[in-house]
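The structure appears right after this line, and notes come after that.
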Amino acid sequence: MKGGVGLSVPGKKPVIAIDGPAGAGKSTAAMALAKALGFLYVDTGAMYRALTLAALRRRVSPHDGDALESLAGEVRIETVYRQADDPPYRVLVDGEDVTEDIRRPEVSGVVSQVSAHPSVRKRMTQIQRAMALRGGVVMEGRDVGTVVYPEADVKFFITASAGERARRRHRELVKKGIMVTLREVEEDINRRDCLDSTRTTAPLRRAPDALLVDTTGISPEEVVRRLLEAVEMALGKVATPSAESIPSPEGGGKDENPL
Ligand code: DC
């Protein structure tokens with residue numbers, strides 16, 4: 001680890017869990033936080049998307065849990081992390097780079113069905129947990145702080161108003177050349193949020209010890225600054241060069257929820 005944030009367990013680097021609904025600004029914040037801390041960034045949603053893409057290509061039904069479980073055992077899903085790149089990781093399925101393809105509406109349309117199967121989640125959770133065990137990780141998703149790694153050193157639950165989440169996701173997609181209407185994005189986000197929060201296994205919910213961050217009307221830079229401050233408070237040390245360059249906040253965070 002570059003710099004060095006305080007370690008809650010001697011010899012083991014911290015694990016930071018970031019969960020929340022679609023379009024809340026989790027990825028931007030998690031990537032920037034990982035970069036500032038010199039940690040590995042893991043996007044668990046990208047892994048579910050990669051499996052979904054593989055299922056679509058092989059015509060495996062998103063409702064067939066057994067077939068999806070077999071598929072998850074057959075395909076090799078890799079996330080290759082390169083901090084200098086933007087985004088700082090590539091997603092590979094059996095060696096093919098699918099980083100852009102997994103963001104397509106066809107995948108977004110069924111990923112919540114695929115990820116709702118307990119057998120699929122069990123497999124993905126094992127892989128994700130193994131990645132977190134080494135520490136020095138910022139892991140984002142829906143159930144990182146509750147199921148994948150409940151013992152995470154710092155947990156955040158990032159959210160924003162439904163309208164803002166849809167607008168942000170719409171802007172991102174259009175920037176990537178994926179032409180969808182704001183209305184379609186709103187519908188997709190609402191549908192996925194509903195499925196993700198009501199599924200039986202590992203539903204989207206805030207861990208009781210997760211810090212709630214509402215990013216509505218807040219710039220990405222400000223969000224990252226607040227997260228870094230919270231990490232430093234939680235881990236009891238300020239040591240990374242990037243963290244030191246961030247101005248201290250006004251107010252001082254004495255509320256029940258410091259963010
Ligand atoms: O973060 P995202 O929107 O790319 O995630 C895509 C889908 O994957 C999301 O709708 C729900 C699912 N997912 C999940 O079930 N558990 C996770 N830890 C991450 C994502």
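In what follows, residues are counted from 1 in the order of the sequence shown. Because the structure is a prediction, the values reported are computed rather than measured. We count ligands from 1, going down the list as the structure has it; atoms in each ligand are counted the same way.
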* Nearest to atom 19 (C) of ligand 1, what protein heavy atom do you find, and at what distance? -> T44 OG1, 3.4 Å
* Asked: Would R191 and E186 pass as an ion pair if we require N to O under 4.0 Å?
  -> no
* Lys/Arg N to Asp/Glu carboxylate O, R103 vs D43, below 4.0 Å -> yes
* **A160 backbone acceptor or donor facing T216 side chain under 3.5 Å** => no
* **Closest protein heavy atom (residue, atom, distance) for atom 16 (N) of ligand 1** => R121 NH2, 2.9 Å
* Asked: In ligand 1, which numbered atoms sit nearer than 4.0 Å to a non-hydrogen atom of S112?
  -> 10 (O)
* Asked: Going by an N to O cut-off under 4.0 Å, is there a salt bridge joining R168 and E172?
  -> no
* Asked: Nearest protein heavy atom to atom 12 (C) of ligand 1, by residue and atom, and its distance?
  -> S115 OG, 3.5 Å
* Structure fact -> The closest protein heavy-atom partner of atom 11 (C) of ligand 1 is D196 OD2, 3.2 Å
* Taking R142 for the side chain and L204 for the main chain, is one N or O donor matched with an acceptor at less than 3.5 Å? -> no
* To do: Tell me which one of R199, R191, R49, M47 gets a heavy atom nearest to atom 4 (O) of ligand 1.
  => R49
* More than 12 non-hydrogen atoms from neighbouring residues, nucleotides or ligands closer than 6.0 Å to NZ on K176, yes or no? -> yes
* Structure fact -> heavy-atom search around atom 20 (C) of ligand 1 in the protein gives G45 CA, 3.4 Å
* Polar proximity ligand 1 side, E140 side, N/O cut 3.5 Å exclusive -> no
* Structure fact -> protein heavy-atom neighbour closest to atom 1 (O) of ligand 1 works out as R142 NH1, 2.9 Å
* Any nitrogen or oxygen of D43, main chain or side chain, under 3.5 Å from a nitrogen or oxygen of ligand 1? -> no
* Determine yes or no for a side-chain-to-main-chain donor-acceptor pair under 3.5 angstrom, with Y81 supplying the side chain and F39 the backbone. => yes
* Asked: Where's the contact between Q128 and ligand 1, heavy-atom distance under 4.0 Å: side chain, backbone, both or neither?
  -> neither
* Can you check whether E184's main-chain N or O pairs, donor with acceptor, with D188's side chain at less than 3.5 Å? -> no
* Between E69 and R121, is the closest basic N to carboxylate O distance under 4.0 Å? -> no
* Structure fact -> Looking only at protein heavy atoms, what sits closest to atom 18 (N) of ligand 1 is D143 OD1, 2.8 Å
* Asked: Which atoms of ligand 1 sit under 4.0 Å from any heavy atom of G141?
  -> 18 (N), 19 (C)
* Asked: Under 4.0 Å from ligand 1, counting heavy atoms only, is it the side chain of R103, its backbone, both or neither?
  -> side chain
